[in-house]
Amino acid sequence: MIDLRSLYQDVILDHSRNPRNSGPLEPHSHSANGNNPLCGDRIRVYVRLANGTIDNIGFEAKGCAISVASASMMTELIKGGGVEEARAIFARFHDVVTRKGDISEAEIEALDKLATLIGVREFPMRIKCATLPWHTMAAALDGVADDVTTE
Ligand code: ZN
């Protein structure tokens with residue numbers, strides 16, 4: 001039998017060791033900084049928008065495996081898509097990891113590769129690691145000048 005937990009672990013480790021779309025993006029149209037002081041995660045997210053589409057996205061991160069893996073998966077999922085689509089994916093992910101109680105199979109499937117991160121639901125501190133890149137991406141799109149912080 002496939003051990004789902006270790007399979008998820010492998011995906012997270014792969015993304016944290018070989019993050020996709022890592023590095024500053026030049027030129028970019030939007031950027032923001034995020035900070036999770038409880039864990040020590042820091043991230044800068046760069047977005048290049050073209051006609052409402054996320055033409056390209058990059059990030060620089062120093063942090064735990066969860067935060068880096070979440071950032072890496074985020075770039076893969078929203079690159080080339082629309083801004084509203086990116087916000088919708090974040091909303092679904094945020095809802096599933098922060099909501100108390102059961103989540104459905106359909107909700108897990110809808111998360112695509114982010115489903116590998118749903119284990120953080122059981123660890124409130126880890127939820128901040130997993131959602132920091134997404135909050136930072138949303139702040140970049142919104143043109144927020146102040147650093148995003150989880151505290
Ligand atoms: Zn962390």
Side-chain angles (χ1 to χ4, degrees), residues 2-26 28-49 54 56-81 83 85-104 107-151:
I2 297 170
D3 181 348
L4 271 187
R5 261 182 203 276
S6 70
L7 184 69
Y8 282 0
Q9 198 87 356
D10 286 349
V11 174
I12 293 167
L13 284 177
D14 174 43
H15 275 272
S16 67
R17 287 175 181 158
N18 307 295
R20 322 301 196 259
N21 303 297
S22 173
L25 176 70
E26 300 294 348
H28 59 267
S29 57
H30 296 68
S31 70
N33 294 310
N35 187 11
N36 175 17
L38 277 183
C39 181
D41 308 316
R42 302 186 72 88
I43 186 166
R44 183 167 178 83
V45 174
Y46 304 86
V47 179
R48 183 160 70 227
L49 281 190
I54 297 172
N56 208 343
I57 179 165
F59 72 98
E60 295 171 284
K62 257 179 123 83
C64 68
I66 298 282
S67 65
V68 175
S70 182
S72 172
M73 291 181 202
M74 174 179 81
T75 63
E76 284 196 329
L77 286 170
I78 70 175
K79 188 173 170 177
V83 167
E85 193 186 340
R87 291 186 198 278
I89 295 169
F90 176 29
R92 280 203 299 273
F93 179 51
H94 191 269
D95 177 51
V96 165
V97 294
T98 58
R99 179 157 36 98
K100 306 276 182 253
D102 293 340
I103 44 177
S104 70
E107 284 177 307
I108 294 171
E109 252 172 55
L111 289 178
D112 197 321
K113 65 191 77 178
L114 292 176
T116 58
L117 292 167
I118 57 174
V120 302
R121 296 178 85 227
E122 293 159 44
F123 309 97
M125 278 188 55
R126 289 296 180 194
I127 294 172
K128 295 176 180 181
C129 302
T131 57
L132 177 70
W134 295 83
H135 283 295
T136 309
M137 173 275 292
L141 293 177
D142 291 338
V144 175
D146 293 335
D147 286 9
V148 177
T149 177
T150 53
E151 299 309 308

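Since we're looking at a predicted model, the values are computed, not measured. Residue numbers count from 1 along this sequence. Atoms within a ligand are numbered from 1 in the order they appear, just like the ligands themselves.
Residues P133 and M73 have side chains not in contact (no heavy-atom distance under 4.5 Å, counting atoms from C-beta outward). In this structure the side chain of T116 never reaches within 4.5 angstrom of the side chain of H15, judged on heavy atoms.
Note: I89 CD1 to D112 CG = 8.0 Å, rounded to the nearest 0.5 Å.
Inspection of the Y46 and E60 side chains reveals an N or O donor paired with an N or O acceptor under 3.5 Å.
In R42, the CZ atom is not crowded: 12 or fewer heavy atoms of neighbouring residues, nucleotides or ligands sit closer than 6.0 Å.
If you look at the Zn ion (ligand 1), the protein N, O or S atoms less than 2.8 Å from it are C39 SG, D41 OD1, D41 OD2, C64 SG, C129 SG.
Between F90 and H135, the ring planes are perpendicular. Angles over 60° get that label, and only those under 30° would be called parallel.
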